[in-house]
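Only one structure is covered here, and it is reproduced in the block below.
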Amino acid sequence: MALGAVAGPALFALSWVVLGLVSPGYTLFGHRFTGYSPISQPVSGLGMGVTGPFMNAAFVVTGLMLIAGVAGVFRTFAGPGRLACVVLLGLSGVGQILCGIFTLEEMMPHTLGYLLAIGTPVIGFLVAGRYFRRMPGLRRFGTWLLVGSPLTLVLLVLFFLTFQPTADGAEQGVAGLVQRLGIVEVHAWFAAMGVLAFRRRV
């Protein structure tokens with residue numbers, strides 16, 4: 001189960017890279033985007049148009065794999081505070097599922113999903129970092145995970161500072177790139193936890 005925390009992020013990254021290359025564009029709120037730019041446009045743009053069914057499925061499947069992966073990780077590492085780690089980090093997977101169910105046209109629930117997916121790890125990494133620091137041989141990883149918390153917050157804030165919720169805004173700027181940096185950073189920590197748990201059980 002812990003490897004779900006590795007496979008989920010890998011599937012998601014592969015999905016947005018491949019679909020971003022083949023996307024012919026999409027229509028959102030009556031505006032036609034004739035192309036797709038991973039630099040300026042969010043990953044969720046791939047959840048619209050002909051790539052929509054595939055990207056939205058990737059959101060949901062990745063979310064389920066993250067939830068299973070988190071459960072597997074903290075079944076491997078026993079200790080006080082385990083339930084809090086599972087709940088906080090599992091909410092990131094719930095957020096991804098919401099992003100797959102509600103597209104950009106359902107802006108409010110979709111944004112809630114994004115905040116859960118990327119925002120809750122800000123707290124979750126703090127709690128999990130302290131959890132791992134109490135374990136023999138994992139103190140260094142726990143310390144690095146504590147650093148991941150403010151880094152995630154900075155990337156989240158930076159995304160909202162660069163994101164312009166207008167047609168023109170989605171066709172220029174660097175919001176898409178900043179969002180991808182945040183997603184990769186968050187998913188990398190999940191993958192690292194999955195690898196650690198898998199090695200512990202082998």
Side-chain angles (χ1 to χ4, degrees), residues 4-20 23 26-29 33 36 38 40-49 51-71 84-128 148-149 151-166 169-170 175-191 193-194:
V6 180
L11 168 68
F12 194 71
L14 181 64
S15 297
W16 60 255
V17 168
V18 172
L19 294 176
S23 173
Y26 56 96
T27 300
L28 178 64
F29 298 129
F33 295 96
Y36 181 82
S40 61
Q41 296 180 32
V43 172
S44 300
L46 296 170
M48 308 294 295
T51 58
F54 305 101
M55 192 68 241
N56 293 327
F59 270 115
V60 173
V61 173
T62 299
L64 291 172
M65 294 177 80
L66 282 180
I67 293 170
V70 167
C85 292
V86 171
V87 171
L88 287 170
L89 296 176
L91 283 174
S92 185
V94 173
Q96 291 225 206
I97 293 171
L98 287 176
C99 285
I101 294 174
F102 300 101
T103 68
L104 282 174
E105 290 187 318
E106 293 88 27
M107 186 61 73
M108 291 300 292
H110 186 85
T111 301
L112 173 61
Y114 178 69
L115 288 173
L116 285 174
I118 305 298
T120 54
V122 173
I123 301 173
F125 290 162
L126 280 177
V127 175
S149 172
L151 178 58
T152 302
L153 178 60
V154 168
L155 290 171
L156 178 63
V157 171
L158 189 57
F159 168 72
F160 282 110
L161 288 176
T162 56
F163 177 67
Q164 301 176 49
T166 63
L177 177 61
V178 172
Q179 185 192 52
R180 282 164 174 78
L181 289 174
I183 292 171
V184 170
E185 185 262 340
V186 167
H187 281 177
W189 290 114
F190 279 96
M193 286 185 273

Query raised in the report: How close do A84 and V127 get, heavy atom to heavy atom, and via which atoms?
Result: CB-CG1, 4.3 Å

Query raised in the report: Is it true that atom CZ of F54 has more than 12 heavy atoms of other residues, nucleotides or ligands lying nearer than 6.0 Å?
Result: no

Requested in this report: Drop me the distance from F190's CZ to T62's OG1, to the nearest 0.5 angstrom.
Outcome: 12.0 Å

Query raised in the report: Which heavy atom of I97 sits nearest a heavy atom of V60, and at what distance?
Result: CG1-O, 3.7 Å

Report task. Would you confirm whether E106, through its side chain, and T103, through its main-chain N or O, come within 3.5 Å as a donor-acceptor pair? Result -> yes

Query raised in the report: When you look at L89 and F125, which way does the side chain to side chain contact (heavy atoms under 4.5 Å, CB included) test go after all the steps?
Result: CA-CA 8 Å; L89 296 176; F125 290 162; 3.9 Å; yes

Requested in this report: Output yes when a side-chain donor or acceptor of T162 lies under 3.5 Å from a complementary backbone atom of F159, and no otherwise.
Outcome: yes

Report summary line: One should read off an interatomic distance between S92 OG and L115 CG, to the nearest 0.5 angstrom, of 11.5 Å

Query - Nearest heavy atoms of V70 and C85, plus distance in Å - result: CG1-O, 4.3 Å

**Report entry** Any donor-acceptor pair under 3.5 Å from T120 side chain to L116 backbone
**Finding:** yes

Query raised in the report: Does I123 CD1 have over 12 foreign heavy atoms under 6.0 Å away?
Result: no

Requested in this report: Measure across H110 and S44 and return the closest heavy-atom pair with its distance rounded to 0.1 Å.
Outcome: NE2-OG, 2.6 Å

Query raised in the report: Got a second to check how far Q41's CD is from M48's CE, nearest 0.5 Å?
Result: 11.5 Å

Report task. For S23 and L46, work out which heavy atoms get closest and say how close. Result -> CB-CD2, 3.8 Å

Query raised in the report: Are L66 and P9 close enough that some pair of their side-chain heavy atoms sits under 4.5 Å apart?
Result: yes

Query raised in the report: About how many Å separate CG of L155 and CD of E185, when rounded to the nearest 0.5 Å?
Result: 5.5 Å

Report task. Find the distance between CG (L14) and CG (L19) and round it off to the nearest 0.5 Å. Result -> 8.5 Å

Report task. Any chance you could lay out the side chain to side chain contact (heavy atoms under 4.5 Å, CB included) test for V43 and M55, step after step, and finish with the verdict? Result -> CA-CA 9 Å; V43 172; M55 192 68 241; 4.0 Å; yes

Requested in this report: Could you grab the distance from atom CD1 of I67 to atom CE of M65, nearest 0.5 Å is fine?
Outcome: 12.0 Å

Requested in this report: Test side chain to side chain contact (heavy atoms under 4.5 Å, CB included) on Y114 and L156 and set out the steps.
Outcome: CA-CA 10 Å; Y114 178 69; L156 178 63; 3.7 Å; yes

Requested in this report: Indicate the ring-plane relationship of Y26 and Y36, choosing parallel, tilted or perpendicular according to the 30° and 60° boundaries.
Outcome: tilted

Report task. For residues I118 and V122, report the shortest heavy-atom separation together with the two atoms involved. Result -> O-CG2, 4.1 Å

